[in-house]
Every structure is written in structure tokens, then in C-alpha cells.
2 protein chains.
Amino acid sequence: MIYIRRMLTRSEEDHLKAIYGLQQAGPSAFTKDIAERLSTKASSVTDMLKKLADKGFVKHAPYHGAALTPKGRRQALMLVRKHRLWETFLVQRLGFGWDEVHEVAEQLEHVSSEKLIERLDDYLDHPAYDPHGDPIPDRDGRLPERATRLLADCDVGERVRFTAVQDGSDALLQLLDSKGLGIGMVLLVRGREVFDGSLELVPKQGPACTVSVQVARHLLITPVHA
Amino acid sequence: MIYIRRMLTRSEEDHLKAIYGLQQAGPSAFTKDIAERLSTKASSVTDMLKKLADKGFVKHAPYHGAALTPKGRRQALMLVRKHRLWETFLVQRLGFGWDEVHEVAEQLEHVSSEKLIERLDDYLDHPAYDPHGDPIPDRDGRLPERATRLLADCDVGERVRFTAVQDGSDALLQLLDSKGLGIGMVLLVRGREVFDGSLELVPKQGPACTVSVQVARHLLITPVHA
DNA sequence: ATCATTATTTAGGCATGTCTAAATTATGAT
DNA sequence: ATCATAATTTAGACATGCCTAAATAATGAT
């Protein structure tokens, strides 16, 4: 039995990723939502869904949306992996801002080389989260635990890793920058102001700072066991 | 007057680069040679030449080959720049071997982001030569002086930069690796064996070594003034 | 249950980039 | 100068991925 590795086109990859993204919110992805994500028309999406279904990446229930097959999900996770690793590279190594990387990563993720992506992963020290705090699947498609707790709900004395920003406006991102807070940092919750509940934080490296409850409600964390 | 930046397709870019490559050897590039480089057919190349001529990148003299216009050359130089910078990145940062990078760089060079390529150039410290010793155009398309002198012709006491390998077989590349010699290294020619003319070399960093005349005749260098 | 509305699919068309086969042009040997 | 040969271009076809417009299916309000 010979398996021919069939290269996916850029457009096919884009569709898989869009479906994956939409399935984070629900069990299946609807044609019009896919079309909107990709800035195309619904009829074009239908065509592509048929093709992807033929190739076994997608289960297409006409008029009722599409869902990834296990094979399709694997493919999508690899794309997400590539996208987020490149974003990490752009920010951590090339000094891009959080907000400048998406478009470029969108192109880089379609470069196809197993070796390249594994070397990049090594070079970046196997990051678990990208610069936006989104989890990076490992080479087998496993996702690290997603952050679900809010910094605002932490107790004094807890040690946590700041892993994501929820609904972050540019203003919020800039505020965090100005306080020296960045994704991936380990923080000790040193204290809590009685009057307004604001939190006193001590980063593992860098100066201590204070954030308001309003801000802390946008910051997702995972506990650090150590 | 509004200039619309017209994005080139991947195929258009490939053709420009092929023509550029062939023009290194002669004044114009012939249809069949372009076709051979790109693994397509001559008729496909003709179509593309007409298109590129319409867009002003190429001067096409039917039956007599094609030549880049200044605009086409600028475009081609930027592609060469991207290709060689990515090759440098793959080898110097990700630990790829000299011989493994071409195909991947071929994909990466088509990623379009002015900022990306300038940041990459900064990150790599503005290398003048890629891992094969080929010159990297700067952001304005200027090429560093190409190495023309052979190490074999150097005098004792000269300080030179090893910039390229001419007609390098895999065996030769491996021999160089084993002696710790790599593209870009600055070498002092410390001595010369009277009996067989072999050269004693002292790298700026790393252990001294000796290479035979046969080997030295394949190594291109540029003088280092310092 | 019907119907207006919305989502989706189908049908048919178009641009791109490739191909094969046929026609045309250039070239070098005689 | 002619002609066989090689290179090139032209003509016509096809797959891909997109579009618009029309037909069809699902949905929710009445």
C-alpha cells in the first residue's frame, strides 16, 4: 500500500483553518461564516467543501454545515502550529509588535517543510503559547491546557503564568507593555488593595507593578506549580 | 498620480528570477533555458514572457530571448536578496546543512513583507554572502563585490575572507567542514609548505589548519582590509 | 400549514497558468 | 541559396479557484 502525500493548496489550507476556527465555537461551521472569514462568497466555499470532502478532510452535510474529520483536524492543527510558531518568532526574535504579525504569519504558515517547523520549534525553545497567549499545538497536535482562570480571581500568594489576554484592545496591550507585563511571564500575586481590589504583582524578572481589577479581568493565567 | 502596487504571482516571480540567473551568463535568456530551469514547457514560458513584457518587467524580442528591464532587475534582485537571506537564516540559526536549504528558501522567498525581510537582515547582522558564498544584494539592490581571487593564489601574511566555494562537490564541502572552515570566516595565511605548496591557515576564531593546493583552488576569497 | 426570509447550492462564466500539437522562424551545413 | 533541424510561438484545450445569478432548501413568524 503506497500513500501518496498529496499537497494541499493554499486555498484548501485556508478553508481547513477557517473551519477549525469556527468549530472552536460550535460543532460545525456554516458556509456563510467560512466565506466571511476568508472574504470569499458562499458559493466558492461550497465548491471547496465538496473538494475537501472528496479528499476526506471534511464531512459536509449539505445545508447543515461542515465539520473536520480526524484527518482534517490533524491538518488544521499543524497549520495552527505553524502560524503560532511563526508569530512567536516574529515577536520574540525579530522584534515585531503583537499586532503586526498576523498577516505575515498567514503567509509563512503555508511554507511546507516538516524539518523547518521542527527546527523553528527547537530554536524558540518549544513555546506553549504564542504572543497573544494562544496555545501552540505540539508536533502531534496536542494542545497545552488552555488558560481559563482570570488573574482577577487569584488569591494573594499564588504564583501564576500570564498566558493570554481576553478581548484585548490596543489600549490594553499598550497599558500592559508600559507596566512591563508580557505573555508567558511568571507572576507572584503579592498583595491586594482592600479599597479597590487592585493587584500587586511581582514578575519573576522585572519590576513589581499594580493592575486594576478591570484590567485583571482580561488577563488569563495558568497556575505555576513550583 | 496613484501607483497601485501590483503584486506579482509566484509564477511571475519565478520567471523573473530564472531570467536574472541566466543573464548572469549572457545578455539575454532563451525560452528553452527558462523552461528548463522552471521545469515547464517553452510554450508556457512564451505566455509568461508576454505577460511580463506587458507589465514592463521584461523586454521580449520574439525568437531572440528576453532580458530584464531595470524594473525587472530590481524585482529580481529583491527576490535573490530574500532567497539568500533565508538561506543564511536556515543555516546560521536553525542549523540546516548547506545542501538542505534551497528548496525551503525557494518557498520563503515568496513571502511578501518589506518589514520582514529588513528585520531578518538586521537579525542576521547584514550578511554580505550567503552560506554558499553567493553575494546578498542590499535593500537597494546593490551587490557586494564578488569574490574572484583564489585562496591558492594568496601570499603568506595576507588576511582574507573566505567567501565562496567554486564547483564544490559534497566531498569538498565535507572536507572543509571537517577542518572547521566555513563561508564568511576571516583567515590569516600563515605559511606555505615549500614541498607541495599547501597552505597553513589561521582562522580568526578556531583552530589552525592546512589545506592542499587542489583544495585552495576551489576557494574564493576577498581581501580583508584591517 | 403557509409564506417570507435567509442560507445554501447549482449552473454557467471568467482569469490564470499550464499543457500538446501545429505552424512559424532562425540557423548552420552543404 | 537551399534545406534540414532546432527553437519558438500560436492555437486550442484543460484544471483550478473564483465570481454572479438563478434555483432550491431550511427556518421562524403568523
Side-chain angles (χ1 to χ4, degrees), chain A residues 4-19 22-23 25-68 72 75 79 106-107 109-110 112, chain B residues 4-19 22-23 25-68 72 75 79 106-107 109-110 112:
Chain A
I4 294 175
R5 163 165 326 228
R6 211 195 230 296
M7 263 284 271
L8 293 176
T9 64
R10 164 145 194 184
S11 181
E12 289 169 330
E13 290 190 341
D14 284 336
H15 281 77
L16 288 180
K17 206 164 64 110
I19 296 166
L22 290 165
Q23 282 198 271
S28 70
F30 291 99
T31 304
K32 89 171 153 54
D33 297 322
I34 299 169
E36 194 182 347
R37 275 215 180 198
L38 301 177
S39 303
T40 62
K41 302 296 174 178
S43 55
S44 308
V45 172
T46 301
D47 288 347
M48 189 56 82
L49 289 181
K50 278 194 278 197
K51 202 215 292 195
L52 289 172
D54 278 351
K55 293 188 176 181
F57 292 103
V58 149
K59 179 99 193 305
H60 184 206
Y63 295 102
H64 293 90
L68 296 175
Q75 197 69 40
L79 288 165
E106 202 70 32
Q107 295 184 64
E109 78 190 0
H110 295 291
S112 127
Chain B
I4 294 175
R5 159 154 342 218
R6 205 198 242 294
M7 264 283 270
L8 293 177
T9 64
R10 164 146 193 184
S11 181
E12 290 170 329
E13 291 189 340
D14 284 338
H15 280 76
L16 288 180
K17 206 163 64 107
I19 297 167
L22 291 165
Q23 282 198 270
S28 70
F30 291 99
T31 305
K32 88 170 154 52
D33 298 321
I34 299 169
E36 193 182 347
R37 275 215 180 198
L38 300 177
S39 303
T40 63
K41 301 297 174 178
S43 57
S44 309
V45 172
T46 300
D47 288 348
M48 190 56 83
L49 289 181
K50 279 193 276 197
K51 204 216 290 196
L52 289 172
D54 278 351
K55 293 187 176 182
F57 291 103
V58 149
K59 179 100 194 303
H60 183 206
Y63 296 102
H64 293 90
L68 296 175
Q75 198 69 40
L79 288 165
E106 202 71 32
Q107 295 183 63
E109 78 189 1
H110 295 291
S112 126

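Each chain gets a letter, A, B and so on, in the order its sequence line appears, and its residues count up from 1.
Side-chain N or O atoms of B:His64 include one that pairs as donor or acceptor with a backbone N or O of B:Pro62 at under 3.5 Å.
For A:Ser112, there are no side chain to side chain donor-acceptor pair (under 3.5 Å) partners at least two apart in sequence or on another chain. Scored by the salt bridge (charged side-chain N to carboxylate O under 4.0 Å, His left out) test, B:Glu12 finds B:Lys51, B:Lys55 as partners (sequence neighbours excluded). A:Ala42 pairs by the side chain to side chain contact (heavy atoms under 4.5 Å, CB included) definition with A:Thr31, not counting sequence neighbours. Every residue meeting the salt bridge (charged side-chain N to carboxylate O under 4.0 Å, His left out) condition with A:Glu106, not counting sequence neighbours, appears here in chain and number order: A:Lys17.
Nearest approach of A:Ala29 to A:Gln23, heavy atoms of both residues: N-CG, 4.4 Å.
Going from atom NE2 of B:His60 over to atom CG of B:Leu49 covers 4.5 Å, rounded to the nearest 0.5 Å.
In this structure, B:Asp14 pairs ionically with B:Arg10, as a charged nitrogen and a carboxylate oxygen lie closer than 4.0 Å.
Rounded to whole Å, the distance from CE on A:Met7 to P on D:dA15 is 21 Å. Rounded to whole Å, atom P of D:dA7 lies 14 Å from atom CD1 of B:Ile34. Following rounding to the nearest Å, B:Lys32 (NZ) and C:dT27 (P) show an atom-to-atom distance of 13 Å.
Listed by residue number, the members of residues 58-66 of chain B with any heavy atom below 4.0 angstrom from DNA chain D are B:His60, B:Pro62, B:Tyr63. Listed by residue number, B:Ala42, B:Ser43, B:Thr46, B:Lys50 are the residues of residues 35-50 of chain B with a heavy-atom contact under 4.0 Å to DNA chain D.
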